[in-house]
Amino acid sequence: MTDAISSSSSSSSSESSRQQRWTAVDGYIAEHLLPADAALDAAVADSVAAGLPPISVTPNQGKLLQLLARMQGARSILELGTLGGYSTIWLARALAPGGRLITLEAEPRYAEIARANIARAGLEELVELRVGPALQTLPELHAEGAGPFDLIFIDADKQNYPGYFEWSLRLSRPGTLIVGDNVVRDGAILDPAAYDSEHGDELIKGVRRFYELAGAEVEEGTVSATAIQTVGAKGYDGFALVLVEGAG
Ligand code: SAH
Ligand code: DHB
Ligand code: MG
């Protein structure tokens, strides 16, 4: 009995010490490689103060998004899921001269915080924030002739990732990079109970359907893709990277 207790507590404490280590290493990386940034820090502080969920990308992940956007030479970026605008600020700062970013957010209260954070970062001229469920605003954008975008960051509600991926393809051109956040979820994408068609978790089922759709496009030769598992201050998750190929 003592054994059972100590082994179960040691397994949970080793899990939390692993998380502490991931967080500490994220801190070490950021301390060495990410310059202090008042607008980003203020965006986090005001988001926390306003009670927004603490689910933005981490600083190191924000920097990765920024580097990808710069490597794309992006002049047009589309983001799904603004929250308080933290990832928006990282991405908008990567825009080539004359570039613009459109970000979609369903929750008006979050959008209001994001607007203030984006304005404080001096980016309001470059960023258009559209409030509404993305499955409504995406077809509107498409009908207006928006795009094709150079980079699309999918980070809104996971159950709708399949629809977001399809709209993203319609708003792409050969060379567009589509990045999907949260495509590993602690490995839960492999839990049969999580993807059970009747009783499973809609988020996990959405992410798995996203892989199926992306995989079908890979088969068609229309995209080239991978996903990278990540650990860090936000735990164990991953990013999908989908590069749109020629018309196919
Ligand atoms: N990209 C942000 C985090 C986004 S969190 C960052 O890294 O800083 C996911 C966001 O998607 C939340 O703000 C949530 O309100 C929004 N969201 C949820 N459902 C949505 C929908 N149907 N359409 C658009 N946004 C949605
Ligand atoms: C969570 C994390 C995210 O990056 C996100 O976009 C949505 C939710 C989460 O940890 O719950
Ligand atoms: Mg996310």
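Every number for a ligand or one of its atoms is a count from 1 in the order of the listing.
Looking only at side-chain heavy atoms (C-beta outward), Leu78 and Leu171 come within less than 4.5 Å of each other. The shortest distance between side-chain heavy atoms of Ile154 and Asp181 does not fall below 4.5 Å. Put simply, the side chain of Phe153 does not reach to within 4.5 Å of the side chain of Ser168, judged on heavy atoms. In this structure, Glu128 and Arg100 have side chains that are in contact, with non-hydrogen atoms separated by less than 4.5 Å. Side chains of Gln61 and Thr230 form a contact here, defined as non-hydrogen atoms less than 4.5 Å apart.
Contacts of ligand 2 (protein heavy-atom distance under 4.0 Å) are Ile55, Asp155, Lys158, Asp181, Asn182, Arg185, Lys234.
Its N, O or S atom nearest to the Mg ion (ligand 3) is what matters here, and for Asp181 that atom is OD2.
Remark: the backbone N or O of Thr176 is not paired with any side-chain donor or acceptor of Asp150 at under 3.5 angstrom. Judged by distance alone, with hydrogens and angles left aside, the side-chain atoms of Lys158 form no donor-acceptor pair with the main-chain N or O of Ile204 at under 3.5 Å. Lys234 places a side-chain N or O within 3.5 Å of a backbone atom of Ile55 that can act as its donor or acceptor partner. Looking at Gln19, its side chain never comes within 3.5 Å of a backbone N or O of Tyr236 through a donor-acceptor pair.
Contact atoms of ligand 1 toward Thr82: 2 (C) (distance under 4.0 Å to a heavy atom of the residue). Taking every heavy atom of Ala134 and a limit of under 4.0 angstrom, the matching atoms of ligand 1 come to 21 (C), 22 (N), 23 (N), 24 (C). Interface of Pro133 with ligand 1, defined as ligand atoms under 4.0 Å from a residue heavy atom, comprises 22 (N), 23 (N). Heavy-atom proximity to Ala156, at under 4.0 Å, picks out these atoms of ligand 1: 11 (O), 25 (N), 26 (C). Distances below 4.0 Å separate heavy atoms of Ser56 from the following atoms of ligand 1: 6 (C), 7 (O), 8 (O). Taking every non-hydrogen atom of Ile55 and a distance limit under 4.0 Å, the qualifying atoms of ligand 1 come out as 5 (S). Counting the atoms of ligand 1 from 1 in the order shown, those under 4.0 Å from a heavy atom of Tyr164 are 21 (C), 22 (N), 23 (N).
Only side-chain heavy atoms of Tyr110 come within less than 4.0 Å of ligand 1; its backbone N, CA, C and O stay farther off.
Residue contacts to the Mg ion (ligand 3): Ser87 brings no N, O or S atom closer than 2.8 Å. Using a cut-off of 2.8 Å, one finds that Asp155 contributes an N/O/S atom close to the Mg ion (ligand 3).
Pairs of residues two or more places apart, or lying in two chains, that qualify as salt bridge (charged side-chain N to carboxylate O under 4.0 Å, His left out) and include a residue from residues 104-127 are Asp46-Arg120.
Looking at atom 21 (C) of ligand 1, its nearest protein heavy atom turns out to be Asp157 OD1, 3.3 Å. Looking only at heavy atoms of the protein, atom 7 (O) of ligand 1 is closest to Val57 N, 2.9 Å. Of all protein heavy atoms, the one lying nearest to atom 13 (O) of ligand 1 is Glu105 OE1, 2.7 Å. Nearest non-hydrogen protein atom to atom 25 (N) of ligand 1 is Ala106 N, 3.2 Å.
Within a 6.0 Å radius of CD in Glu144, more than 12 heavy atoms belonging to other residues, nucleotides or ligands are found.
Judged by distance alone, the side chains of Glu245 and Thr222 never bring a donor and an acceptor atom under 3.5 Å apart.
Ligand 1 has an N or O atom lying under 3.5 Å from an N or O atom of Asp155, backbone or side chain. Considering backbone and side-chain atoms alike, Ser87 places an N or O below 3.5 Å from some N or O of ligand 1.
The pair Asp201-Arg185 fails the salt-bridge criterion, with no side-chain N (NZ, NE, NH1 or NH2) lying under 4.0 Å from an Asp/Glu carboxylate O.
The OG1 atom of Thr82 lies 12.5 Å from the CD1 atom of Ile113; values are rounded to the nearest 0.5 Å.
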